[in-house]
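For reference, the structure is listed below as structure tokens.
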Amino acid sequence: MSQKPKPSHGLAACPGCAEPLDSGDRFCGACGYDLSAVPSAETEPDRPTVAIVTPVVWPAAPPREAGSLSTVTQHPGDLPGTDSGGRDLPTMAVRTDGPVPAPPGTDTPASGTPPSGTPTSGGDFELAAPDPRTAVQVDPPGSPQPAPPAHPAPPAPPAQPPAVAPDAAALCVACRAGRVDTDGYCENCGHAQPRERDHMEQELGTVAAVSDRGLRHHRNEDAFAVSATTLPDGSPAALAIVCDGVSSATRPDEASAAAAQAAGASLLAALPRGIHPQQAMHDAIVAAAEAVNSLAEEPGPDGAEHDPHRNSPACTIVGSVVADGLLVVGWVGDSRVYWVPDDRTTPAVRLTEDDSWAAQMVAAGLMNEAEAYADERAHAITGWLGADAYELDPHTAAFKPDRSGVVVVCTDGLWNYAEGAEDMARAVPPDAAGRPLGAAQVLVGHALDGGGHDNITVALLPFTVTPPGAGSA
């Protein structure tokens, strides 16, 4: 589980002049180097981006309010292959003797049904965590009732299934005798009751996600959202959001659930309006950050106010959108996106760069990657969503792969056991594009077999390139 570092730069020496630094320094005393501005990671041969060709043409985005963070997003003319700060990500050429890219196949389902906040909904927006605001509307008891018709119609189906008896619902799943207290433990045998979020699976056509508590944690602090919609021209679009609660913060499970729901809803509302996916991804991260920030002002489940001596609710976020031949990623924190082509003779690549202590050390040239990730501070994150985050700096990038493959969106609970792009490619089943849910289950099993030290969440989005001239069967 990601952890927030103490408020310091974490550098042993100044990146500008190599002057030794103290942990509390904000600027170098010798050269004045701003220690909060760490340069981007240098090009690494094992982390190339996917080859990009002709950009997709999108309608112009609507104007934004002055001062809004949304004004710094990428616009259609800014593509391709930059992050939200306008910097090029590491690149390395890949084979280009394959078919010319074309819009993906139309087997991804699309629906105009309004989003639903519950995982059992038949709509096109699926959120892993249940939405407590969902309720069944019924007529007030005192409302007037119409007179019965002369020819009664067939009885309507019940508005909701019969409720389970309270006593039966409160019985312990282990001893079947004791009642379950409000903390989720049996008053008779003390057995912890399974939570709904301990293991979650969701499949929406060709998009799927699985989340598991793992073997060492007492609860699952991850959350995800998967969605499908249509663009203004009627072509399908699919997205996945994965959030990892920061374990050193208070209520991390609530933070991840709020962020996943807000980001998924934002993307689902923006894409059908013709907003460019890269800008929509940036706006979705901003919406997720606002949702997590609002939790710091709310009392906890027990009604107690937020403890000022504890960190505010916080989480990381990573997401991907596949639409009209374009692959967009966005992130804050150390959750990742990998690209695994169907043709395994083509190298897999990682499309994100961690906001972490280890990544900062490598970027500053103070350690090589092996040394940095071997350090106990390696997974201390330097970027997250939450009221006490240093600053909100959403990273976004757009790619246009020239061949079909699968997009892997995951938390560190998975990539800790398949860190390199080639390691991830070996763990992904060869038929992942055809059965994403089964492949996601295999990846979660891979992490559990490796030790399951953290919560594990992975979402898979197939990316299909149709060869030119190929017609429907």
Side-chain angles (χ1 to χ4, degrees), residues 1-6 10 128-129 184 192-201 209-224 242-257 259-260 311 313-318 331-338 350 352-359 361-362 369-384 408-429 439-460:
M1 187 65 60
S2 304
Q3 301 228 354
K4 291 187 286 189
K6 296 180 181 179
Q193 305 302 296
R195 300 178 177 90
E196 184 176 2
R197 288 179 63 174
D198 281 357
H199 185 87
M200 302 175 291
E201 297 184 359
V210 177
S211 182
D212 191 89
R213 179 171 59 92
L215 304 178
R216 304 296 182 90
H217 284 259
H218 72 284
R219 66 181 175 186
N220 189 359
E221 297 171 353
D222 290 355
F224 65 80
V242 168
C243 297
D244 183 357
V246 177
S247 59
S248 61
T250 183
R251 296 150 57 200
D253 53 333
E254 295 181 39
S256 62
N311 292 328
C315 69
T316 67
I317 186 171
V318 66
W331 74 97
V332 172
D334 62 348
S335 294
R336 295 180 176 179
V337 177
Y338 292 83
R350 198 179 101 196
T352 58
E353 292 292 338
D354 298 343
D355 290 322
S356 69
W357 182 90
M361 294 299 101
V362 175
E369 188 167 310
E371 294 171 339
Y373 281 95
D375 193 284
E376 62 181 6
R377 298 165 290 181
H379 290 282
I381 56 174
T382 57
W384 62 87
V408 181
V409 185
C410 64
T411 62
D412 58 349
L414 171 60
W415 66 253
N416 278 333
Y417 301 100
E419 184 171 346
E422 292 306 316
D423 297 329
M424 184 63 72
R426 284 190 291 269
V428 174
Q441 294 167 339
V442 169
L443 290 174
V444 169
H446 175 80
L448 292 173
D449 291 342
H453 286 72
D454 201 350
N455 304 147
I456 309 152
T457 301
V458 57
L460 297 182

(request) Carefully, step by step, assess Val318 and Arg336 under the rule side-chain contact (heavy atoms from CB on, under 4.5 Å). (result) CA-CA 6 Å; Val318 66; Arg336 295 180 176 179; 5.8 Å; no

(message) Between Asp454 and Arg216 (salt bridge meaning N to carboxylate O under 4.0 Å), is one present in this structure?
(response) no

Got a donor-acceptor contact below 3.5 angstrom from the [X] side chain to the [Y] backbone?
| X | Y | result |
| --- | --- | --- |
| Arg197 | Asp253 | yes |
| Asn455 | Glu221 | yes |
| Trp331 | Glu353 | yes |
| Tyr338 | Cys410 | no |
| Arg251 | Ala255 | no |
| Tyr417 | Gly452 | yes |
| His217 | His453 | yes |

(request) Run the numbers on Met361 and Asp375 for side-chain contact (heavy atoms from CB on, under 4.5 Å), then give the verdict. (result) CA-CA 11 Å; Met361 294 299 101; Asp375 193 284; over 6 Å; no

(request) Could I get the full list of side chain to side chain donor-acceptor pair (under 3.5 Å) partners for Asp355, not counting sequence neighbours? (result) His395

(request) Step by step, work out the side-chain contact (heavy atoms from CB on, under 4.5 Å) result for Asp412 and Asp244. (result) CA-CA 8 Å; Asp412 58 349; Asp244 183 357; 3.1 Å; yes

(request) Heavy atoms only: give me the nearest Ile456-Gly214 pair and the separation to one decimal. (result) CD1-CA, 4.3 Å

(message) So, applying side chain to side chain contact (heavy atoms under 4.5 Å, CB included) with Ile317, which one of Ser335, Cys243, Ser256 is it?
(response) Cys243

(message) Ile381 and side chain to side chain contact (heavy atoms under 4.5 Å, CB included): which single residue from Asp354, Val332, Thr316 fits?
(response) Thr316

(request) Test side-chain contact (heavy atoms from CB on, under 4.5 Å) on Asp423 and Arg426 and set out the steps. (result) CA-CA 5 Å; Asp423 297 329; Arg426 284 190 291 269; 2.2 Å; yes

(request) Measure the acute angle between the ring planes of His379 and Trp415, then classify it against the limits of 30° and 60° as parallel, tilted or perpendicular. (result) tilted

(request) Taking side chain to side chain contact (heavy atoms under 4.5 Å, CB included) as the test, write out the residues that go with Ala440, two or more places apart. (result) Val210, Val458, Leu460

